[in-house]
There are 2 protein chains.
Amino acid sequence: MKANQNEQPNGVKEIARRAKVSIATVDRVIHNRSGVSAKTRTRIEKIIQELNYQPNIIASRLASRKVLNFAILIPSVSAETAFWAAPLAGIQQAEDEIRQMGIKVDRYFFDLNSKASFVKQTKQILKSKIDGILLAPSFIEESIAFTDALKEKNIPYVFINSDIPNRESLCYIGPDLFHSGYLSAHVINYCIQPRDKILVVNVSHEIENHHHLLRKEEGFRSYFKDNEKRIVKIDIRQTNDRSVEKKVAEALEETPNIKAIFVTNSRVANVAHYLENKGKKGMLLVGYDFLPENIAYLQKSVIDFLICQKPQEQGYRGIMALYQHLVMAAPVEKVSFMPIDIITRENHAYYKN
Amino acid sequence: MKANQNEQPNGVKEIARRAKVSIATVDRVIHNRSGVSAKTRTRIEKIIQELNYQPNIIASRLASRKVLNFAILIPSVSAETAFWAAPLAGIQQAEDEIRQMGIKVDRYFFDLNSKASFVKQTKQILKSKIDGILLAPSFIEESIAFTDALKEKNIPYVFINSDIPNRESLCYIGPDLFHSGYLSAHVINYCIQPRDKILVVNVSHEIENHHHLLRKEEGFRSYFKDNEKRIVKIDIRQTNDRSVEKKVAEALEETPNIKAIFVTNSRVANVAHYLENKGKKGMLLVGYDFLPENIAYLQKSVIDFLICQKPQEQGYRGIMALYQHLVMAAPVEKVSFMPIDIITRENHAYYKN
DNA sequence: CTGAAAGCGCTTACAG
DNA sequence: CTGAAAGCGCTTACAG
């Protein structure tokens, strides 16, 4: 191919030519590296402006054989935390897409029932050489300590699934919990009569710490704020089927006329199991998350609606946010709320997590 | 940087070394170009297999300064076809992402009320030099003629928003219309009583040709197939507000006890306008598409639910499908149905088209 | 049918 | 503080 014929008109070469310097010096200015006299720097910067220079990222990645290491820190996947399989799949998908650009993703997992496991992993991560990290800040204080250390090292971090505001994260990607509760109330309100009562169920080992469950409940209550008497609420800290069944049965006995149950997380399958066993029909059941067990009950019409928030996309976009920031040097939205999807028996097959 | 130190171990160079040929010959085999003896070809192919060679797409695009031209052919955006702004935005987004890879997108638009305009544009496209095309096959026969010509020229094409099956398109990206109607019925069924009747409204100039409206109606009816008497249906071919109001008013008068209206496309705003004007409260109104006008009525609770199918994503994924196929040489899903999203007053703010 | 060489736009030691 | 040169992994005329 002949040179100079259809050469990129505004590349480093052209800048160097106009500034009467070598391309190495231009490169130093572009990347803000030291070793350029103020005078030369200004001259080159001006030309970059004039030409509206856009670096060719592809050539850049090809030439610099630098590998970027991203880390993720999320709960490990278990029967109780099946949810996290989806974000992990999204992370995998993102990695597949940007591997060609020389990006590696190191995976760290912690036990959602153990703060110690979280802390242990953060220490590991700080020892390793990473350029950016995506994490689920499930434990608030521990996450604050960790991100302080990251800040010190100038390593950008992205929060996923739940947020800690004002922590200077690169961004937050996940649900707006309050509004997802509010929406659930709206949907339920369509399906029952004004005299009907509603049972709100929180199922979790440590409800005190689970800000996110409480945020959903707040949103739900806020919708019915002129009618608070319609809501009965129970907290269930023993998450096995027997305990859930017992508590729910008690509540239903105590308050007649409950026509809808809202479970604030994915444990809605436990309640579904109870309703199915007892042959209770005509109870509207609404809960969270696109998990196989929940979908099964959705298909059997035991669960009526599932609220879902694109868990896979959360993982995908979390990684891509780091990529945008570190590779493309492009600006990143500070907060990116997921849509609040309403999944029923009739549209779940089309839902892409 | 020292050579040979951390050189890509399985690149064309290594293949050439093992096969004792030049990299030019290796390149010929990789791209199935002629001018290689059968013997050499086989030898090289074997080595490619052994090394599980994965070409470096980035280097490839950088070296080959070839520009790929994609074309799109979709309805022009007007007050009546505001829908198409969203796919167009998605196309723009995709183009921005892959421009660096040397892809250009030529935009062609046609008038949804004029077959002639469609045909005219297809002729233009066939005269231009394009490598792939994304189109909305709104006019069936004309689209068949067009895709026949494309097939002849070996140009891949992607259908968007509505499908023509068995046309050897690279893929279809869009809604499953039947099921979106079925889902609408499911949602309405939750919100009204068994004795209530439902009005189905088709608003379109040429309902005969609009297979897609009819497919939605079919899905809707199929949900109520044991109870067909509950459904009253009207077709409105004059799409101005006055005509719609008149027809709907007549239908409501003729059949008392209608408690829900299902409009099979985005013209639901027309019906909403009527209901609001007449001060009719308590009528459940369900329709299609995330358009500003519809959202306004959703916020005022005149429209209760909008069924949406990610129009922007349709455009984005359509372009990316061509990219996957032509640049990455990766396989592409034959059919990719969009999710069937249920949008209400309480979650529309979080919907990303 | 095959190979040597220049080139894509940028980065990176190295030398001065 | 600055520049010449080699290199990233692949493609492309061109010459034989």
Side-chain angles (χ1 to χ4, degrees), chain A residues 1-17 19-44 48 51 53-68 99-103 327-329, chain B residues 1-45 48 51 53-68 99-103 327-329:
Chain A
M1 171 166 285
K2 306 242 192 30
N4 298 330
Q5 187 169 296
N6 45 7
E7 185 182 301
Q8 151 93 349
N10 292 346
V12 283
K13 265 189 200 159
E14 175 64 14
I15 297 171
R17 197 183 63 72
K20 303 198 197 314
V21 295
S22 73
I23 56 170
T25 299
V26 172
D27 193 68
R28 287 181 186 103
V29 173
I30 288 173
H31 294 95
N32 254 311
R33 272 187 269 105
S34 58
V36 184
S37 74
K39 216 177 117 197
T40 312
R41 184 177 291 272
T42 327
R43 183 156 36 102
I44 293 176
I48 287 175
L51 293 178
Y53 170 69
Q54 305 288 18
N56 183 325
I57 307 289
I58 286 170
S60 162
R61 293 303 300 169
L62 181 61
S64 125
R65 323 235 306 136
K66 204 193 298 160
V67 170
L68 286 180
R99 190 194 329 272
Q100 293 262 19
M101 294 301 238
I103 283 128
V327 178
M328 311 295 275
Chain B
M1 172 166 283
K2 305 243 191 34
N4 299 331
Q5 187 168 296
N6 45 7
E7 185 181 301
Q8 151 94 346
N10 292 346
V12 284
K13 265 189 199 158
E14 174 64 13
I15 297 171
R17 196 184 62 73
R18 295 202 189 190
K20 301 200 198 315
V21 295
S22 74
I23 56 170
T25 299
V26 172
D27 193 68
R28 286 181 187 102
V29 172
I30 288 172
H31 293 95
N32 253 309
R33 272 187 269 106
S34 59
V36 184
S37 74
K39 214 177 118 196
T40 313
R41 184 177 291 272
T42 327
R43 183 155 36 101
I44 293 176
E45 274 166 352
I48 287 175
L51 291 179
Y53 170 68
Q54 305 288 17
N56 183 325
I57 306 289
I58 286 171
S60 162
R61 293 302 301 170
L62 181 62
S64 125
R65 323 233 306 134
K66 205 193 298 159
V67 170
L68 286 180
R99 191 195 326 273
Q100 294 260 18
M101 295 302 238
I103 283 127
V327 178
M328 311 296 275

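By convention in this document, chain letters (A, B, ...) are assigned in the order of the sequence lines, proteins followed by strands, and residues within each chain are numbered from 1. No experiment lies behind these values; they were computed from the predicted model shown. Below, each value reflects all heavy atoms present in this structure, side chains not excepted, and no hydrogens, waters or symmetry copies.
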d([atom1], [X]; [atom2], [N]) in whole Å:
X: B:Arg33; N: D:dC14; atom1: CZ; atom2: C1'; value: 14 Å
X: A:Glu14; N: C:dC8; atom1: CD; atom2: C1'; value: 17 Å
X: A:Ile15; N: C:dC10; atom1: CD1; atom2: P; value: 8 Å
X: B:Leu68; N: D:dT11; atom1: CG; atom2: C1'; value: 14 Å
X: A:Arg61; N: D:dC10; atom1: CZ; atom2: C1'; value: 18 Å
X: B:Asp27; N: C:dC8; atom1: CG; atom2: C1'; value: 14 Å
X: B:Lys13; N: C:dA4; atom1: NZ; atom2: C1'; value: 14 Å
X: A:Arg17; N: C:dG9; atom1: CZ; atom2: P; value: 15 Å

(Q) Quick check on DNA chain D: between B:Ile23 and A:Arg28, whose nearest nucleotide comes earlier from the 5' end? (A)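 The answer here is A:Arg28.
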Taking side chain as C-beta onward, heavy atoms only, is [X] less than 4.5 Å from [Y]?
X: B:Ile44; Y: B:Ile48; value: yes
X: A:Val29; Y: A:Thr40; value: no
X: A:Ile23; Y: A:Glu14; value: no

Taking only N and O in the side chain of [X], is any of them less than 4.0 Å away from OP1 or OP2 of [N]?
X: A:Ser60; N: C:dG9; value: no
X: A:Tyr53; N: C:dG9; value: no
X: A:Thr25; N: D:dG3; value: yes

(Q) Quick check on DNA chain C: between B:Leu62 and B:Thr40, whose nearest nucleotide comes earlier from the 5' end? (A)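 Result: B:Thr40.
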Q: Assign each of B:Ser37 and B:Ser64 to its nearest nucleotide of DNA chain C by heavy atoms, then name whichever residue's nucleotide is nearer the 5' end.
A: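 Checking each residue's closest nucleotide, the 5'-ward one belongs to B:Ser37.
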Q: Using the side chain to side chain contact (heavy atoms under 4.5 Å, CB included) rule, take B:Gln54 and B:Asn10 through it: C-alpha gap first, then chi angles, then the decisive distance, then the call.
A: CA-CA 8 Å; B:Gln54 305 288 17; B:Asn10 292 346; over 6 Å; no
**Q.** Assigned partner base of D:dA4, Watson-Crick or wobble definition, under 3.5 Å
**A.**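 For D:dA4, the partner nucleotide comes out as none, under the 3.5 Å rule.
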Q.
So if I take every side-chain heavy atom of B:Ala63 and compare against D:dC10, C:dT11, D:dA4, which nucleotide ends up nearest?
A.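 The answer is D:dC10.
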Q | Intermediate values then yes/no, side chain to side chain contact (heavy atoms under 4.5 Å, CB included), A:Lys39 and A:Arg43 | A | CA-CA 6 Å; A:Lys39 216 177 117 197; A:Arg43 183 156 36 102; 5.7 Å; no
